[in-house]
Undergrad: 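Sharing a structure, written as structure tokens. Questions coming.
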Amino acid sequence: MLEQWYTGVVTKIVNETYNTRRFWIHIPEKEAFHFKAGQFVTLDLPIHEKKNKRWRSYSIASHPNGSSDIELVIVLLDGGAGTTYIFNEIKEGSELILRGPLGNFILPETMDRDIFLICTGTGIAPFRSMAKFLHKNQIAHPNIHLIYGSRYEKDILYKDEMRALAAEMPGFHYHPTLSREDSPDWTGHRGYVHNVYEDLLSDRRPAHFFLCGWKVMIDEAKQRIQAMGYDRHDIHLELYG
Ligand SMILES: Cc1cc2nc3c(=O)[nH]c(=O)nc-3n(C[C@H](O)[C@H](O)[C@H](O)COP(=O)(O)OP(=O)(O)OC[C@H]3O[C@@H](n4cnc5c(N)ncnc54)[C@H](O)[C@@H]3O)c2cc1C
């Protein structure tokens with residue numbers, strides 16, 4: 001299939017944490033940019049590398065709503081060619097060349113088992129899209145556990161929004177866990193994401209697992225979930241790098 005590239009216009013940028021920004025992009029060529037919650041877009045960045053090395057993918061953090069606007073949430077990687085360009089050069093009003101939607105990291109058609117959404121950092125992007133999509137459209141779903149890992153409380157992305165969703169959305173459970181926070185004010189989980197799902201699944205009930213983020217977390221989660229007796233077909237991955 002021919003690849004369709006669009007020119008998007010950045011309409012708004014917000015610093016979400018000290019190293020992570022939210023970017024809102026409008027795609028004027030499309031009356032509506034249709035995608036499924038969990039999919040991503042690929043940006044073609046003018047970073048003077050070989051063509052395919054100029055491409056960087058980003059999960060759509062907003063939910064499908066029939067508009068031609070999407071939101072991305074991007075963490076600056078020290079020395080990363082793409083994110084250095086994005087953070088230094090992209091301003092409100094800048095254009096971005098993008099294609100999509102891409103990917104099959106989407107909710108199952110039949111949601112007949114509990115769903116565990118496990119991520120670190122900006123890996124929350126596709127899960128925010130899924131949770132908001134289910135909530136806005138009042139779609140029936142089983143228990144959904146969003147297990148989010150970061151180092152410190154200040155790093156938590158969309159914290160207030162996820163807390164509000166958990167309060168409003170029956171069956172949606174939010175479990176942020178912090179690996180390095182030493183403040184006694186933090187009363188939530190401490191440590192890595194792995195202990196959280198292992199504790200929640202001590203009864204080994206049937207479940208779907210969606211893992212999103214960086215290789216170290218994903219490799220360990222895959223191995224631990226299979227060691228708990230789950231089949232690899234129950235595990236869905238979106239590997240960021
Ligand atoms: C399908 C998909 C969706 C993605 N969605 C997002 C998203 O929503 N938000 C987002 O911030 N990123 C996302 N990424 C990652 C993104 O595509 C880039 O890899 C990232 O922004 C780094 O690009 P860079 O050019 O700055 O670094 P590069 O110069 O390309 O990266 C250098 C190396 O560092 C590794 N690396 C990059 N970032 C990290 C990190 N944070 N921790 C550890 N190692 C890292 C890479 O694997 C690479 O080997 C996604 C990746 C994929 C494949």
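One-based numbering, in listed order, for ligands and for the atoms of each. Along the sequence shown, residues carry numbers from 1.
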Undergrad: Taking the side chain as C-beta and beyond, is there a heavy-atom pair between I235 and L237 under 4.5 Å?
TA: yes

Undergrad: In Å and rounded to the nearest 0.5 Å, what is the OG to CG distance from S57 to L43?
TA: 7.5 Å

Undergrad: Please work out which of the three classes, parallel, tilted or perpendicular, describes the rings of H236 and F210, given edges at 30° and 60°.
TA: parallel

Undergrad: Assess whether a salt bridge exists between D234 and R113, defined as any Lys/Arg side-chain N lying under 4.0 Å from an Asp/Glu carboxylate O.
TA: yes

Undergrad: Y230: what forms a ring-ring contact (aromatic ring centres under 6.0 Å, His included) with it, not counting sequence neighbours?
TA: F209

Undergrad: Report all protein residues having a heavy-atom distance below 4.0 Å to some atom of ligand 1; order the list by chain, then number.
TA: F40, R56, S57, Y58, S59, V73, I74, V75, L77, G80, A81, G82, T83, T122, A125, W214, E238, L239, Y240, G241

Undergrad: Determine, step by step, whether D69 and H26 satisfy the side-chain hydrogen bond (donor to acceptor under 3.5 Å, both in side chains) criterion, reporting the C-alpha distance in whole Å, the side-chain angles of both residues, the deciding distance to 0.1 Å, and the verdict.
TA: CA-CA 4 Å; D69 295 273; H26 176 62; 3.2 Å; yes

